[in-house]
Amino acid sequence: MKNITLLGATGSIGKSTLSVVDLHPDKFNIFALSANTDWKQMIKLCNKYQPSYAIMVDEQSAEKLSNAITTDIQVLSSVKALDKIVTHQDTDYIMAAIVGAIGMSSALCGAKAGKRIMLANKESLVLAGDIFMKTVKEFNAELIPVDSEHSAIFQCLKSGKSGLNKIQLTASGGPFLHTPISKFKSITPDEACAHPNWSMGRKISVDSATMMNKGLEVIEAHYLFSLTPKQIDVVIHPQSIIHSSVFYKDGSTLSQLGNPDMRTVIAYAMSYPKRMNSGVSELDLTSTASLEFYQPDFEKFTCLKLAFEALNKGGNAMITMNAANEIAVKYFLNHQISFLDIPRIIDQTLSTMKHTTLNSLEEVINNDLVAREIAHEIIKQHG
Ligand SMILES: NC(=O)c1ccc[n+]([C@@H]2O[C@H](COP(=O)([O-])OP(=O)(O)OC[C@H]3O[C@@H](n4cnc5c(N)ncnc54)[C@H](OP(=O)(O)O)[C@@H]3O)[C@@H](O)[C@H]2O)c1
């Protein structure tokens with residue numbers, strides 16, 4: 001029996017994780033659950049899973065949850081509580097599925113405690129990739145990607161990296177693949193969140209629509225698989241059936257395929273190195289529409305270009321880019337800026353922030369905070 005600490009339990013990955021847990025009550029137990037403000041959903045989850053701990057990062061939400069719970073579940077609050085529970089001796093596996101840079105600290109603490117980290121929070125690697133990978137190695141932690149593309153590469157690389165030419169991350173192209181750029185200005189948050197293939201949280205849905213999500217994934221792949229930027233390619237594949245591929249010198253290309261459903265990736269991370277039922281139906285290639293592939297349009301999806309540039313630049317560029325993106329997406333989701341403003345704000349934040357190398361986690365965190373302030377200022381000044 002493995003005890004799971006599920007961070008981001010009320011989100012899209014959180015819900016999919018719980019549905020996989022439901023299929024295997026003999027193998028997995030929910031030890032701790034976390035969320036930020038959605039205490040009403042947490043009541044339901046606590047009643048059903050009876051974890052030892054429930055953490056609401058928001059203090060008022062923690063109080064409301066605590067008042068509503070009748071059993072002896074311990075309700076905690078704050079990011080520090082997350083950092084503590086992931087290191088608890090009874091935590092075996094951590095599902096790191098908090099959205100945004102705020103999820104980095106707990107994922108990193110879990111790595112330091114030598115746990116299995118099932119990493120959905122790609123921001124952890126975008127912010128502190130080198131530090132994170134070193135920590136995993138030093139403390140003998142297990143890092144299993146929970147992103148369909150990275151899980152695909154992870155699986156394909158089981159045949160080794162010898163003779164590897166490149167990897168290719170597939171991208172659906174999001175809801176605006178065929179929308180002319182002249183219409184981008186009037187895109188609404190609901191339109192941006194209506195992803196054609198994947199059902200996800202609102203922030204990552206907007207990232208998919210701008211293709212910043214693919215940019216973050218390129219950076220994630222760079223750290224996870226220790227590849228140079230030139231070894232990472234992106235191809236548009238609107239059907240999201242091929243999840244990614246690796247290309248070898250001998251002409252072989254290995255790909256991982258499946259229906260677009262995160263439960264496959266989550267079940268793989270939970271059962272690795274074995275496999276188990278995820279609840280996802282088997283892929284039927286005869287009833288699958290024809291598979292299409294295109295080159296990405298870097299002029300239309302500027303965010304993808306910005307991410308490649310930040311990776312090539314190194315230093316603090318990726319952290320600054322991620323911070324500015326989080327702020328811009330937040331304003332966009334609140335109807336305060338337009339869809340086209342997102343890459344503009346990121347670009348301006350990157351130009352305003354001094355380019356530098358960062359040598360410690362403290363410097364990373366500080367850079368993240370300063371970049372957020374700059375992005376806020378840019379939005380306030382120019383709207
Ligand atoms: N969804 C996917 O298919 C998918 C695929 C690959 C990777 N990912 C990655 O997985 C992560 C989660 O994505 P998602 O789509 O599941 O997001 P989501 O549906 O928006 O859920 C986010 C979760 O994080 C919690 N949270 C939000 N702000 C927080 C804060 N300040 N402190 C602590 N917890 C906070 C939320 O709690 P409340 O509900 O209380 O706000 C919720 O439980 C992201 O990093 C995303 O890039 C997602």
Side-chain angles (χ1 to χ4, degrees), residues 5-19 32-46 54-62 64-65 76-83 85-86 94-107 117-127 144-152 154 169-172 174 189 193 195-208 210 212-217 219-221 224 240 243-244 259-266 268-269 280 322 325-326 329-330 333 368 372:
T5 286
L6 171 51
L7 308 179
T10 49
S12 158
I13 294 288
K15 284 174 192 154
S16 295
T17 304
L18 291 171
S19 78
L33 292 170
S34 94
N36 186 27
T37 53
D38 193 352
W39 60 276
K40 287 188 179 159
Q41 178 63 14
M42 270 295 250
I43 295 176
K44 291 185 196 153
L45 298 183
C46 284
I55 306 141
M56 302 300 301
V57 169
D58 176 68
E59 217 172 297
Q60 286 181 354
S61 306
K64 284 179 182 152
L65 179 67
L76 306 173
S77 182
S78 84
V79 171
K80 285 219 156 47
L82 299 177
D83 295 352
I85 295 305
V86 293
I94 298 157
M95 173 57 79
I98 290 174
V99 63
I102 193 86
M104 177 187 70
S105 176
S106 45
I117 317 291
M118 305 186 282
L119 189 68
N121 179 271
K122 58 193 84 180
E123 296 86 348
S124 294
L125 290 176
V126 173
L127 263 75
I144 320 270
V146 177
D147 219 336
S148 59
E149 297 76 3
H150 304 76
S151 177
F154 184 85
L169 304 179
T170 49
S172 70
C193 288
H195 197 280
N197 306 339
W198 296 97
S199 157
M200 307 180 285
R202 283 174 80 78
K203 192 266 177 182
I204 183 179
S205 295
V206 175
D207 285 349
S208 296
T210 61
M212 175 55 88
N213 184 48
K214 206 51 53 185
L216 297 176
E217 287 178 7
I219 298 168
E220 188 184 4
L224 268 177
S240 301
H243 297 308
S244 281
N259 287 315
D261 189 319
M262 287 305 289
R263 288 176 299 168
T264 300
V265 176
I266 291 165
Y268 182 74
V280 177
N322 181 69
N325 180 57
E326 284 192 22
V329 171
K330 198 167 158 192
L333 283 171
D368 174 69
R372 279 165 200 270

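As the structure lists them, so they are numbered: ligands from 1, and atoms in each ligand from 1. Please read these numbers as outputs of a predicted model, since none were measured by experiment. Numbering starts at 1 and runs along the sequence shown.
Smallest separation of non-hydrogen atoms from Asp207 and Thr210: O-OG1, 3.1 Å.
The pair Glu123-Lys203 meets the salt-bridge criterion, with a side-chain N (NZ, NE, NH1 or NH2) lying under 4.0 Å from an Asp/Glu carboxylate O.
Residues Leu82 and Ser105 are not in side-chain contact: their nearest non-hydrogen atoms beyond the backbone lie 4.5 Å or more apart.
By the side chain to side chain donor-acceptor pair (under 3.5 Å) test, Arg263 pairs with Asp261, sequence neighbours left out.
At least one donor-acceptor pair under 3.5 Å links the side chain of Ser16 to the backbone N or O of Ser12.
Listed by chain and number, residues touching ligand 1 at under 4.0 Å (heavy atoms only) are Gly8, Ala9, Thr10, Gly11, Ser12, Ile13, Ala35, Asn36, Thr37, Asp38, Val57, Ala97, Ile98, Val99, Ile102, Ala120, Asn121, Lys122, Glu123, Val146, Asp147, Met200, Gly201, Ile204, Met262.
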Exercise for review: Give the C-alpha distance, both sets of side-chain angles, the deciding distance and a yes or no for side chain to side chain donor-acceptor pair (under 3.5 Å) between Thr10 and Asp38.
Suggested key: CA-CA 7 Å; Thr10 49; Asp38 193 352; 4.8 Å; no

